[in-house]
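Presented below is the structure to which this report refers.
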Amino acid sequence: MCGIVGIVSSEPVNQLVYDSLLLLQHRGQDSTGIATAERDIFHIIKAKGQVREAFRTRDMRSLLGTMGLGHVRYATKGNASSEQEAQPFYVNAPYGIILVHNGNLTNTRELTQELFHIDRRHLNTDSDTELLLNILAHELQSQVSGLDLEPDDVFSAVERVHERVEGSYATIAMIAGHGLLAFRDPFGIRPLTLGKRVLESGRDEWVVASESLVMESLGYEIVRDVRPGEAVFITMNGEMYSKQCAPDARLIPCSFEFVYLARPDSVLSGISVYEARLRLGNRLADTVAQWTPSGDIDVVMPIPDSSRPAAMQVAQKLGIEYREGFYKNRYVGRTFIMPGQAVRKKSVRQKLNAMSTEFKGKNVLIVDDSIVRGTTSKEIVDMARQAGANKVTFASAAPPVRFPHVYGINMPSRDELVAHNRKIPEIAAYMGADHLIYQEVADMEAAIIEGSAVTGLEMSCFTGNYVTGTVSPEYLSWVERTQNS
Ligand SMILES: O=P(O)(O)OC[C@H]1O[C@H](OP(=O)(O)OP(=O)(O)O)[C@H](O)[C@@H]1O
Ligand SMILES: NC(=O)CC[C@H](N)C(=O)O
Ligand SMILES: [Mg+2]
């Protein structure tokens, strides 16, 4: 679930791309990169770490041009700490293409073979994004014969990409001297939104980004989401073309975006993330009420940050006081998207502190948005106890995560998931909680899509049903053996 942005303007875009990446920082902390296009020359800067520490003033000065794109990475394939695998990726033919990707491809083994043996292309990293770029480049090369490039050539290449590539991919690419291409996989698993504003010169400035908060914060009008399977091509002169490039496209957006990944002030697939989290809280409150004897809870507490809206609603619906007993160090990033279990474990303690005045002698209901590896919840229950809590009930606004996520969230192996092969009382015992309550899958889905045009969600990590249909047990075992988390 990286963050991506692309901008086409008639004015310099370096600062706008940088500002957008800062707004998308919650989607990836491993590395970041910006590329700009000065007519047909690309300038690229990429580095490890977060946006604020990665780019220097001299880097920003070198990023000249009126078209640009950027990326914040949360690695799902390859090596999180590799600077080579930081995005964007560049390929020199045809034209010169530079690409950023949010998502994860699931037929990388087949594509690697095809690229080497048939397309005769060289890959220099383990990144699936480098694969995606080379497939796009190969298909574009097959479409065109001269120097001219028509939007229809680009769309035909994207049609072929959809035929060859499986998995999730929200993608933005710049084609040197021509324009900016954005496309989304046929299920629209990862988000991508289009916006624009009119410059003083009267020309349109276009933006494509992972989340709508980029448009809102930077003063763009939200035009619409890029549709599943659709490609949008914006020329360097600001003309916008679009085409549906997949025959059976249907929207099945990732449920985890609403549960945890996206910022609450974004609207994805027409659904306000904040309101979805409130509704998740409402439904969770009903489940809590069903399973908890009345009088068993004195206070409801969130685990900052992502569970706040849900916890607020649980408290309100149950008519129990809402208190914030955990104080968060704002200078520590998001724990779940850090690479490596040792770092994640240490970071929970660095990040959260329990205030004993809020816990002493109380029966607390602690609400989190999700429990994945149990890193946070186990530490939190321990901290609550040390702070003097009496009974600790733990509630998760998402159902148990029992299956690997293969569409852009780094949870590749079943064994690392605390709910894998454990019944709920066993998970509670592992966490040290007196009682553990999870949201039901149907409630989560209904809470998120209620009142919207979305008819279904990608929920494989909760259900084991993979929408792309090609995720076999053999593939999952291979991912488990080969991918670090
Ligand atoms: O069971 P786990 O493997 O610990 O994962 C789940 C936890 O990780 C996330 O928090 P994170 O600190 O990443 O971000 P937040 O500050 O936005 O809540 C999420 O909100 C849960 O608290
Ligand atoms: N989370 C993502 O979207 C990751 C993108 C890509 N698969 C990578 O690992 O770099
Ligand atoms: Mg959290």
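The structure presented is a predicted model; accordingly, all values stated were derived computationally and were not measured. In each ligand, atom 1 is the first atom listed, and ligand 1 is the first ligand listed. All heavy atoms count here, side chains included; hydrogens, waters and symmetry mates do not.
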Say you draw a straight line from [atom1] of [X] to [atom2] of [Y]; how long is it, rounded to the nearest 0.5 Å?
X: W291; Y: L436; atom1: CH2; atom2: CG; answer: 12.5 Å
X: S212; Y: L192; atom1: OG; atom2: CG; answer: 11.5 Å
X: T193; Y: E216; atom1: OG1; atom2: CD; answer: 10.5 Å

Any N or O of K77 closer than 3.5 Å to N or O of ligand 2:
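Such a contact does occur with ligand 2.
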I'd like to check N107 versus E114 (side-chain heavy atoms, cut-off strictly below 4.5 Å). Are they in contact?
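Of all side-chain heavy-atom pairs linking E114 with N107, none is under 4.5 Å.
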Could you tell me whether ligand 1 has any atom less than 4.0 Å away from a heavy atom of [X]?
X: H26; answer: no
X: S347; answer: no
X: S377; answer: no

Quick one: does ligand 1 sit under 4.0 Å from the side chain of V372, the backbone, both or neither, non-hydrogen atoms only?
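For V372, backbone and side-chain atoms both sit under 4.0 Å from ligand 1.
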Who gets closest to [atom] by heavy atom: [options]?
atom: atom 18 (O) of ligand 1; options: A397, S306, P264, A419; answer: S306
atom: atom 20 (O) of ligand 1; options: D369, V348, T375; answer: D369
atom: atom 4 (O) of ligand 1; options: I371, I303, T376; answer: T376

With a cut-off of under 6.0 Å to the ring centre and 45° to the axis, is [X] in cation-pi contact with [Y]?
X: K378; Y: F394; answer: no
X: R121; Y: F116; answer: no
X: R385; Y: F359; answer: no

Give the C-alpha distance, both sets of side-chain angles, the deciding distance and a yes or no for salt bridge (charged side-chain N to carboxylate O under 4.0 Å, His left out) between K77 and D128.
CA-CA 6 Å; K77 173 92 178 70; D128 55 334; over 6 Å; no
Please determine whether any non-hydrogen atom of [X] lies less than 4.0 Å from an atom of ligand 2.
X: G78; answer: no
X: A75; answer: yes
X: Q87; answer: yes

Starting from [atom], which protein heavy atom do you reach first, and at what distance in Å?
atom: atom 1 (N) of ligand 2; value: M1 N, 2.3 Å
atom: atom 6 (C) of ligand 2; value: D128 OD1, 3.3 Å
atom: atom 3 (O) of ligand 1; value: R373 N, 2.8 Å
atom: atom 10 (O) of ligand 2; value: R73 NE, 2.6 Å
atom: atom 21 (C) of ligand 1; value: D368 OD2, 3.2 Å
atom: atom 4 (C) of ligand 2; value: C2 SG, 3.0 Å
atom: atom 9 (O) of ligand 2; value: T76 N, 2.9 Å
atom: atom 5 (C) of ligand 2; value: G103 O, 3.2 Å

Scan side-chain atoms only and decide if [X] and [Y] contain a donor-acceptor pair under the 3.5 Å cut-off.
X: E480; Y: S413; answer: no
X: Q313; Y: N282; answer: yes
X: Y407; Y: T468; answer: yes
X: H162; Y: Y169; answer: yes

Ligand-side contact atoms (ligand 1) for residue partner K351, heavy atom cut-off under 4.0 Å
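Going through ligand 1 atom by atom, the ones under 4.0 Å from K351 are 11 (P), 12 (O), 14 (O), 16 (O).
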Show me which atoms of ligand 2 lie under 4.0 Å from any heavy atom of [X].
X: N104; answer: 7 (N)
X: N102; answer: 2 (C), 3 (O)
X: Y74; answer: 1 (N), 2 (C), 4 (C)
X: G408; answer: 1 (N)
X: T129; answer: 6 (C)

Which residue, T76, T129, V479, forms the side chain to side chain contact (heavy atoms under 4.5 Å, CB included) with N104?
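Looking at T76, T129, V479, the match for N104 under the side chain to side chain contact (heavy atoms under 4.5 Å, CB included) is T76.
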Side-chain donor/acceptor of K351 to backbone N/O of G333, under 3.5 Å
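Flag set: sc K351 to bb G333 pair under 3.5 Å.
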